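The block underneath contains the structure these notes are about, expressed in C-alpha cells.
Values in this document were obtained by computation on a predicted structure and should not be read as measured data.
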Amino acid sequence: MLAKMQSRRWILAYLLVVLVSLHGGANGFYLPGTFMHTYTPNEVISAKVNSLTSIETELPFSYYSLPYCKPPEGVKKSAENLGEILMGDQIDNSPYRFRVNVNESVYLCTTDPLTKEQAELLKKRARDLYQVNMVLDNLPVMRFTEQNGVTIQWTGFPVGYNPMGSNEDYIINHLRFKVLVHQYQAQGDVVITSEDGVAMVESDRKSGFQIVGFEVVPCSVRRDPEAMSKLKMYDKVDSVKCPLELEKSQAIRENERITFTYDVEYVKSNIKWPSRWDAYLKMDGAKVHWFSIMNSMMVVFFLAGIVFVIFLRTVRRDLTRYEEMDKEAQAQMNEELSGWKLVVGDVFREPCCSKLLCVMVADGIQITGMAVVTIVFAALGFLSPASRGMLLTGMIILYLFLGIIAGYVGVRVWRTIKGTSEGWKSVAWLTSCFFPGIVFVILTVLNSILWGKKSTGALPISLFFTLLALWFCISVPLTLIGGLLGTRAASIEYPVRTNQIPREIPERKFPSWLLVLGAGTLPFGTLFIELFFILSSIWLGRFYYVFGFLFIVLFLLVIVCGEVSLVLTYMHLCVEDWKWWWKAFFASGSVAFYVFLYSINYLVFDLRSLSGPVSATLYLGYSLIMALAIMLSTGAIGFLLSFYFVHYLFSSVKID
C-alpha cells in the first residue's frame, strides 16, 4: 500500500513539473498570422526571405549564399520554431522595403564583379530551378505563368533562367511587386501585432490598410553598372518593363556587375483579411477527392458484407446450434470439431517475439493518436499554414505526450500475453525507443548528407541535443508512467486454456504470407489518391489544406484495416492456423509496402526533374520513415481489432 502511494506521488510530482515548465513559456504564446495588422499610409514594412528551394534537388540553401544585396542593418535571422528548422526554413531580413500605399521604383545595389565561383554558383542554382521565397506580412510572394493557355500559380520566383537555344544563363535582378491592400475602418478596440509577433490592443485606431495579397513579376534587366553604382540604396529609378529581347537581359558572366532594382504597385482589393489565404489554399481536384472517398466507401461496404457473413451466418449459426444441444450432444460435437474450433487449445499460445509485437503495437497506437488529433485540429483551422512549421511542431509535441498511452497499451498487451507484469519496464523502455530510435538513425544519415552539401536543411547540433532532451525528459518518463498504469489495470483473461503441446498446423499449397501481403492492397486503395496530393504538397512545394477530406479518408482507412485484419484472422483460424498474432498485424500493416512502392513510382514518374543520387537518397529516406509510421499505425489497428474478435469468438463457446 505504501509503495502504491509513493508511486502515485512520483507520477503527480512529475506531471506537476512538466506543467510548470510549460507554464513558464505560456506568457509569450502566440500563433503567427492569427491577428490582423493594419498599416497606416507611408508606414515602412520590410519583406523577409526564406531558404532557396528547388523541386529538382530538394536541398534548401540560404538566400545569402548567392551574391544578393544585403540590408543596411546587416543580416538578422528571425525566430524559428521547431517545425521550421526541421523543414529547412531559414528566414532572414531583406533589403526590400515597402512604404504602404506608395507606388515607387527603387534601386537596391550593384554587386562587385562576380568571381568565377560566384558566377558558376549562380548558373548552377538557375539551372537547378531554385526559387527565391519572399514573405511580406506573413504572406508568401506569388507569381503566375501561362502554359498551354492555362494560368499556373506558383509561390516564389526563380533565381534565373536559361532560354531555349541560348548558351547564356540570365539572373532575375528586377522585381515588379503588386501588393493587394484592403482599406479598413476600425471601430472600437483593435487587436494588432508587430512584425516580431507581439500582440497589443489599440483603441479608436484610424482607418488603415491591410495586406491581402503579394504578387511578383520577375524580370532580368541589363543596366549600366557604372551609372547605377553612383546611386544610394532606396534611391528612385525609372520604372522599366520586362524586356523580351535577350540583349536587354542581364547575363550571368564572370567579372559582370549586377544591378538589383524593384517596382512596387499598390492595388486596392475587396478581399478581406480573414480570406487572404484562400488564393494559396485553393486546391483543384475536389471531384477527385470525392472519388477517392466513394472508392473507399465501396471497399468498406464490400468488406463489411464479408464480416457480416462471417458473424451472422457462420459464427453465430455455429454458436446457436452448439448452445441448443444438450451436454451429451456437446461432448459428441467436441470430438467432431472442425475449422476454427479445432485450435481452441492453441489460439492464445504466446507468439514468437512477443515483446517486439507489444512494442510495435504500442508505437502504432501512439502514431495513430498523433495523426488523429493533428488532423482534427488542422481541419478545425487551429494549424493554419500562416503559422509556418506549426503543423510539424504540433505533431512532435503530441507524439511526445502520447507516450503515456503507448506505455499503457504496450504493457497491457504484454501482461495479457505473459499473464504477469514481470518485465514491463523493458517493454515500456523499448516502446519509447523503438520508432524514435529508427527515425533518429535515418535522420542522422540524411543529415550528414545535408551537412556535406552545406544545405540549410541540415539540422544544427544544438537541435539534435534539443530533440534528445525532449525525448528523454518527456517521452521516456511518460511512457514509463503509462507502463506503470498498465500494470495496475485489470488483466484480460483468456476464455480458454492453452494446451501444453502445440498443435501441428496443416500444410498449405501456398505460403500464408502471400495472402497477408496481398491484403494490404485494400487499405492502399483507400488512401492512394489522397497520398498523391500529400506527396505533391511535400515535394512540389504546394499547399495542402483539405484536412476535412483527409480526416474522412483516415476514418475509412481505420475501418478497412480492422475489417481486412479480422477477415484474414478468421480465414487462418478456419484452416487450423493458430499463429494469427503477427499475421493480424501485417494483414493491415502490409499497406506500408505498397505506400513505399508508390513513393518510388512517384519519384520515377512524377518527380522526373529530381536530379542526382543525393536528392533521391533524401526522398527515399523520408519515404521510408513515412512507410514505417504507416505500417505501425495500421498494423496496431488491425491487431487490436483481431484480438478482440478472437477473444469474443472463443469466449462465446466453452470446449473442454
Side-chain angles (χ1 to χ4, degrees), residues 51 53 57-60 82-89 356 359-368 370-371 374 389 391-400 402-403 406 429-472 474-476 479 531 534-535 537-539 586 589-604 607 610 612-636:
S51 300
T53 56
T57 65
E58 300 297 344
L59 294 171
L82 181 60
E84 286 178 305
I85 299 174
L86 289 174
M87 291 190 300
D89 289 348
L356 178 62
V359 169
M360 292 176 72
V361 170
D363 279 340
I365 293 299
Q366 187 175 5
I367 294 169
T368 303
M370 174 197 70
T374 302
L391 183 66
L392 187 56
T393 303
M395 291 174 66
I396 294 173
I397 294 175
L398 279 171
Y399 183 84
L400 293 173
L402 287 174
W429 173 255
L430 288 173
T431 297
S432 65
C433 296
F434 179 73
F435 178 69
I438 295 175
V439 172
F440 185 79
V441 170
I442 295 175
L443 288 181
T444 301
V445 174
L446 299 181
N447 208 52
S448 62
I449 297 174
L450 293 171
W451 271 334
K453 292 292 181 178
K454 298 181 180 180
S455 168
T456 59
L459 305 182
I461 293 294
S462 59
L463 182 61
F464 263 90
F465 286 107
T466 301
L467 292 174
L468 286 174
L470 290 173
W471 182 9
F472 284 104
I474 297 179
S475 182
V476 173
T479 307
L531 184 63
I534 294 174
L535 291 176
S537 70
I538 295 174
W539 299 107
F586 284 111
S590 60
V591 65
F593 173 73
Y594 298 98
V595 168
F596 190 71
L597 287 183
Y598 183 80
S599 300
I600 297 175
N601 172 81
Y602 188 84
L603 171 65
V604 174
L607 288 180
L610 200 67
V614 172
S615 302
T617 302
L618 291 172
Y619 174 85
L620 292 175
Y622 293 127
S623 298
L624 184 61
I625 294 175
M626 178 180 67
L628 177 63
I630 291 175
M631 182 196 71
L632 294 174
S633 175
T634 55

Calculate, to the nearest 0.5 Å, the distance between atoms CD1 and OG belonging to I600 and S623 respectively.
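Result: 8.0 Å between the selected atoms.
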Rounded to the nearest 0.5 Å, how far does CH2 of W539 lie from OG of S615?
9.0 Å
If you look at every heavy atom in [X] and [Y], which pair is closest and at what distance?
X	Y	value
A406	Q366	CB-OE1, 3.4 Å
A592	M631	CB-CB, 3.4 Å
Y619	L607	CE1-CD1, 3.6 Å
L620	F596	O-CE1, 3.9 Å
L446	T617	CD2-O, 3.8 Å
L402	M370	CD1-N, 3.3 Å

By side-chain hydrogen bond (donor to acceptor under 3.5 Å, both in side chains), which residues pair with [X], not counting sequence neighbours?
X	answer
Y602	S536
S590	none
S599	none

Partner set under side chain to side chain contact (heavy atoms under 4.5 Å, CB included) for L400, not counting sequence neighbours
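Applying side chain to side chain contact (heavy atoms under 4.5 Å, CB included) to L400 gives I396, L470, I474, S475.
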Taking side chain to side chain contact (heavy atoms under 4.5 Å, CB included) as the definition, give me every residue that meets it alongside A629, ordered by chain and number, with sequence neighbours left out.
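Partners of A629 under the side chain to side chain contact (heavy atoms under 4.5 Å, CB included) test: I367, F435.
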Should F440 and L467 be marked as a side-chain contact (heavy atoms from CB on, under 4.5 Å) after you check the CA-CA gap, both sets of side-chain angles, and the distance that decides it?
CA-CA 10 Å; F440 185 79; L467 292 174; 5.9 Å; no
Could you walk me through whether L82 and L463 satisfy the side-chain contact (heavy atoms from CB on, under 4.5 Å) test, starting with their C-alpha distance in whole Å, then the side-chain angles of each, then the deciding distance to 0.1 Å, before giving a yes or no?
CA-CA 8 Å; L82 181 60; L463 182 61; 3.2 Å; yes
Would you say T374's side chain and A371's backbone share a donor-acceptor pair under 3.5 angstrom?
no
Could you tell me whether the side chain of W471 and the main chain of S432 form a donor-acceptor pair under 3.5 Å?
yes
Among N447, V439, V445, the one residue meeting side-chain contact (heavy atoms from CB on, under 4.5 Å) with L443
V439
For residues 451-461, please give each side-chain donor-acceptor pair under 3.5 Å, one per line with the distance, not counting sequence neighbours.
unit_1	atom_1	unit_2	atom_2	d
W451	NE1	L459	O	3.4
S455	OG	P60	O	2.4
S455	OG	G457	N	3.0
T456	OG1	S51	OG	3.2
T456	OG1	P60	O	3.3
T456	OG1	G88	O	3.2

